[in-house]
Amino acid sequence: MTFDHSEFEAKWQKKWDDAKLFAAADDSGKEKFYVLVEFPYPSGDGLHVGHCRSYTALDIVARQARMSGKNVLFPIGFDAFGLPTENFAIKNKIHPRTATDKNIANFTRQLKSLGFSFDWERVVDTTDPKYYKWTQWIFLKFLEAGLAYQAKIPINWCVDCKIGLANEEVVDGKCERCGGKIERRVKQQWMLAITKYAQQLLDGLETVDFLPRIKAQQQNWIGRSEGAEVDFAITNSSEKIKIFTTRPDTLFGATYCVLSPEHALLEKLKPQIQNWDEVAKYISAAAAKSDLERTELAKEKTGVKLAGVTAINPVSGEEIPIFVADYVLASYGTGAIMAVPAHDQRDFDFANAMNSRPEIKYENPIKIIHVVEPENYEKISENQVSVFAAPAKDEGMSPKDGLIRMLKFQYSEIKKGIESHAFCFAGDGIAINSGQFDGLPTAEFKKKIITFLEEKGVGKMAINFKLRDWVFSRQRYWGEPIPVVHCEKCGIVPLPEKDLPLELPPVEKYEPTETGESPLAAITDWVQTICPKCGGAARRETDTMPNWAGSSWYFLRYIDPRNNQAFADPAKLKYWLPVDLYNGGMEHTVLHLLYSRFWHKFLFDQKFVPTPEPYARRISHGMILGPDGEKMSKSRGNVINPDEIVKKFGADTLRLYEMFIGPFDQAASWSEGGVAGVRKFLEKVWRLFEKLAASPNPELEKSLHKTIKKVSQDIAGRHFNTAVSSLMIFVNEATQVGLPQNLGEDLLRILAPFAPHLTEEIWVKLGHTTSIHLEKWPSFDSALAKDETITLAISVNGKLRDTISVAAEIGKDEALTLAKQSEKIQKWLDGKEIRKEIFVPGKMINFVIG
RNA sequence: GCCCGGGUGGCGGAAUUGGUAGACGCGCACGACUCAAAAUCGUGUGAGGCAACUUGUGAGGGUUCGAUUCCCUCCCCGGGCACCA
């Protein structure tokens, strides 16, 4: 009557495994197709239904590609270094190696229980020394190229994890993993110079097919802005302030400069700064604040005016004050700015804050000089303007009109030479109060002023990125050891290649230390070593790599996973690269995805890989939320365990349900009822084959061809939900009229990638001796997939009034004649003049009447 | 504030070179089978209306013979970035 999935799912999984049915061949004459899913972090919690969504979708793509004659590489592995395992190991007093092996075994069991067509011959594990030998090797290449370096810098220190973090790992001022507090700590750290690749990482995005939101997020993170670097001379000093601005056209309005509290110039100017005590106090107060505090307290701007030191505006020649203020960041641009309070919101706020202090207000208030007038007042948006005090409300005038009236009045005063402290305008426009440049539109002004500055030797065109170099050191045990030694004589000495891998030593205690040193530092006989260069005493580096290291190149290792001479054979790399389709979570867009593109671009420049980009196409799946519509979490108690669904309903049901749940790239809530509905569909399929129809059915054959067409197109477009629904429609129809075997076999073929176990079981029951998964993907006959008769909609004045059934190829005249014969239509047309008759072939007719 | 998504029945969602809104599934109602229930099968199901018909895709405008789809203004939800000069 119905089927018991437990009777055949495990059976087929084992048979496919034993037969190595899905192993990719490196020497195939077929067209290659590399399908990649982000390899999981084998956590103690086991597989998440979110993994299943991603893996099932790409499994379908991989299976369909195989059936269509492609040589498919669909690998899987484990990204197993990382904090949760280490913390689990510490808590339960077991070695992280043991915990990792156990977790990998559990994940493998779960992945196999879902029937994914992974190539199990190519599994990689980032914590395997045979694997991380090459992670270390790539690190040494970075070192050789000068892109890995040590720096003493303030880093993001997670208090709970006791570990330094990259900027990318800090979310809302908190640790990306544990959500704990971040402190600033100055530490000697290994860095990777990802900023050297900022432009390439940006340009590369134009050459690949990434989902628009992924591309936008990467662009956002890289944060390129174009502008100018300008030197401001300092009175009575040979020093100068180098500033970066994106608005060099507002240079005539620069009425003060600001240095960030960390700026090196402050120390140099110390002898001239008359209020050094006050300045020093401000600097140390700023240093004590965390980044989060700095931005949280951003509402009120603070700062100190340097007494006895001023700068010279290079175009106006005006002497202007210098401030130190923490609204200027040391890490961006040159760490110093020219401030244009008339055209920058932040500078305007700061100027107002300072001008409210009596000692500044009465002595020497900050000038607010407007140098840009809006070109078209009607077009300005309200958020380009900020005002010191809201203008008086006028009866019957919209806020925007009030604003425009105020601006027009203010600018007429400004042009009379009166300074206005009332407002700031941040938009583009036409230059005023800018000497010879008056009348120039913003864009043109920018070009001209840069040329002018270059000729005068006080500035140049400049580009800045928000992207910072990658903090690559971690002070924990469970990561790849950084393969260098510190020699008193020779300095930093890389380990020779023959000494790789540098394995993690066994250790008694892998707890993090309070001092912020790696647990490895305590293993004296491992730390103390000899210098490979001079043979003298040396100390090993005790920091390890971040968990992003191993995942930055794993897709390369899949191509040649057992190679001991190289990370992969160049000929194999040339055959398989780039990855044709890569799917993963949105949460990795500015972490893993950016890092791995960076590593790949570096390896390309070093001629180790044949393509400049690793991934030709990147897509992303939406999250699966709990039945309550909230993110699944243990504390909410809304976690769905795939094991339970597989046990109760079967792997095919879980797979099919997760495809049917909604559009692949959008978030979707779990629904128990939906799972049951999909299971019912599969039972319907089963019953259909228990009693096949004897006679052929041309009508049903037409439907089948339509279904083949739709499913093929939907897999290509990754509309898995509608592919499932079209399969349901066909099965419903077949249930009504009976399914002949020849049509049933094609149904099984197109259902096979979705429900591999059930289709294999039925296939064999039909008497076949080879696997359905070796079958050819059916092609459809366009003539059969087309309808001979169609329903033509007839509307009057755009409103549907009747439908008629006609031949698909019907012409306009004939259709109109038939339409006019309809009683319903006659009623609407009766006594009215037909002004227009519109005929859309195959779709509809519209009568426009008076 | 800026940059991406998204807003359609009781629910998940379908339909966009503009052309019958609500496919498919869930839920619900009724019917068949059954002593009964479950399962299964069948019928119906946006709202209002006996019906003719009216109305309906976040709100309001616009273009069009015709708008979920295109344009303008705005609201709400989700994600990312944010004192980035």
Side-chain angles (χ1 to χ4, degrees), chain A residues 1-2 171-172 211-221 223-225 227 243-247 250 258 260 294-295 297-299 301 325-329 331-340 343-347 349-350 381 383-384 386 426 464-468 586-587 589-590 622-623 629 657 660-663 665-678 680-681 683-684 687 719 721-729 731-732 735-736 791-803 824 827 835-849:
Chain A
M1 200 59 200
T2 183
V171 178
D172 293 332
L211 233 49
R213 59 188 162 139
I214 296 173
K215 198 180 271 194
Q217 243 173 272
Q218 291 226 344
Q219 284 165 343
N220 218 330
W221 190 261
R224 181 186 199 269
S225 46
I243 64 96
F244 173 74
T245 178
T246 56
R247 291 295 300 272
T250 61
V258 186
S260 63
R294 265 202 193 187
T295 47
L297 302 169
K299 311 276 178 278
K301 289 195 172 36
D326 67 3
Y327 84 95
V328 174
L329 307 174
S331 56
Y332 183 76
T334 61
I337 61 156
M338 68 173 200
V340 185
H343 298 289
D344 183 282
Q345 164 93 57
R346 296 151 301 177
D347 297 344
D349 292 345
F350 183 77
S381 88
N383 56 40
Q384 286 177 328
S386 37
N464 253 295
F465 295 94
K466 286 193 225 174
L467 187 69
R468 303 266 70 84
M586 279 307 288
E587 70 274 20
T589 302
V590 289
M623 250 195 292
Y657 172 64
F660 191 57
I661 194 169
D665 56 2
Q666 279 170 39
S669 306
W670 190 267
S671 144
E672 194 72 36
V675 179
V678 166
K680 274 202 274 190
F681 162 70
E683 286 174 1
K684 227 177 205 179
R687 280 196 300 273
H719 304 298
N721 53 334
T722 51
V724 175
S725 115
S726 62
L727 286 163
M728 286 172 168
I729 292 169
V731 168
N732 285 344
T735 304
Q736 307 235 333
T791 308
L792 200 64
I794 308 164
S795 56
V796 178
N797 280 354
K799 283 206 168 78
L800 181 75
R801 297 303 179 189
D802 198 9
T803 57
K824 285 185 192 164
K827 199 180 79 186
R835 289 196 189 153
K836 213 169 171 184
E837 291 168 336
I838 291 151
F839 173 68
V840 183
K843 300 266 187 193
M844 52 95 65
I845 285 170
N846 188 23
F847 292 107
V848 185
I849 59 171

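A note on names: the letters A, B, ... follow the listed sequences, proteins ahead of strands, and every chain is numbered from 1.
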[X] versus [Y]: any side-chain heavy-atom pair under 4.5 Å?
| X | Y | result |
| --- | --- | --- |
| A:Y657 | A:W670 | yes |
| A:I794 | A:K824 | no |
| A:N797 | A:V848 | yes |
| A:I337 | A:Y327 | yes |

Value in whole Å for how far the [atom2] atom of [N] lies from [atom1] of [X]:
| X | N | atom1 | atom2 | value |
| --- | --- | --- | --- | --- |
| A:F681 | B:G12 | CZ | P | 23 Å |
| A:L211 | B:G6 | CG | C1' | 14 Å |
| A:H719 | B:A23 | NE2 | C1' | 15 Å |
| A:F847 | B:G19 | CZ | P | 20 Å |

Could you work out the separation of [N] and [M] based on their [atom1] atoms and round it to a whole Å?
| N | M | atom1 | value |
| --- | --- | --- | --- |
| B:C2 | B:U17 | C1' | 32 Å |
| B:G62 | B:G46 | C1' | 27 Å |
| B:A59 | B:G42 | P | 37 Å |
| B:G9 | B:G78 | C1' | 23 Å |
| B:A32 | B:A36 | C1' | 15 Å |
| B:G25 | B:A15 | P | 16 Å |
| B:U45 | B:G22 | C1' | 12 Å |
| B:G27 | B:C11 | P | 15 Å |

Can a donor-acceptor pair under 3.5 Å be found between the side-chain atoms of A:N220 and the base atoms of B:C81?
->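 Answer is no: no donor-acceptor pair is held.
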
Any donor-acceptor pair under 3.5 Å joining the side chain of A:K301 to the base of B:C83?
->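 For A:K301, whose side chain was compared with the base of B:C83, there is a donor-acceptor pair (under 3.5 Å).
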
State the syn/anti category of B:G9 according to its glycosidic angle, syn meaning within 90° of 0.
->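 Here the answer is syn: the torsion falls within 90° of 0.
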
Under 4.0 Å, counting only non-hydrogen atoms across every strand here, what does [X] touch: a base, just sugar-phosphate, or nothing?
| X | result |
| --- | --- |
| A:R468 | nothing |
| A:G677 | sugar-phosphate |
| A:V258 | nothing |
| A:S726 | nothing |
| A:Q736 | sugar-phosphate |
| A:K827 | sugar-phosphate |
| A:I661 | sugar-phosphate |
| A:K466 | base |

For the side chain of A:S260 and the backbone of A:D326, is there at least one donor-acceptor N/O pair under 3.5 Å apart?
->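 A pair under 3.5 Å: no.
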
Please confirm whether the backbone N or O of A:V340 pairs with a side-chain atom of A:D347, one donor and one acceptor, at under 3.5 Å?
->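 Indeed, once roles are kept as given, a pair shorter than 3.5 Å links the two residues.
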
Nearest-nucleotide pick for [X], side chain only, options being [options]:
| X | options | value |
| --- | --- | --- |
| A:I729 | B:C24, B:A14, B:U20 | B:C24 |
| A:N732 | B:U20, B:C53, B:C24 | B:C24 |
| A:T803 | B:U20, B:C3, B:G19 | B:U20 |
| A:T246 | B:C81, B:U55, B:A85 | B:A85 |
| A:I838 | B:U55, B:A85, B:G19 | B:G19 |
| A:S725 | B:A14, B:C83, B:C24 | B:C24 |
| A:N721 | B:A14, B:U20, B:C81 | B:A14 |
| A:I337 | B:A85, B:U20, B:C65 | B:A85 |
| A:K836 | B:U20, B:C65, B:C81 | B:C65 |
| A:K799 | B:C4, B:U55, B:U40 | B:U55 |

Would you indicate, yes or no, if B:C26 has its OP1 or OP2 atom less than 4.0 angstrom from a side-chain nitrogen or oxygen of A:K680?
->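 Yes, A:K680 has a side-chain N/O under 4.0 Å of OP1/OP2 on B:C26.
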
Does atom CZ of A:R835 have more than 12 heavy-atom neighbours, drawn from other residues, nucleotides or ligands, at distances under 6.0 Å?
->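 Atom CZ in A:R835 is not packed in, count stays at 12 or less.
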
Take A:M728 and A:P663, find for each the nucleotide of RNA chain B with the closest heavy atom, and name the residue whose nucleotide sits nearer the 5' end.
->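 Upstream on the strand: A:P663.
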
Between A:A667 and A:T735, which is nearer to the 5' end of RNA chain B once each is assigned its nearest nucleotide?
->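 Between the two, 5'-proximity favours A:A667.
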
A:N732 and A:K684: side chain donor to acceptor below 3.5 Å |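 Short answer, yes.
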
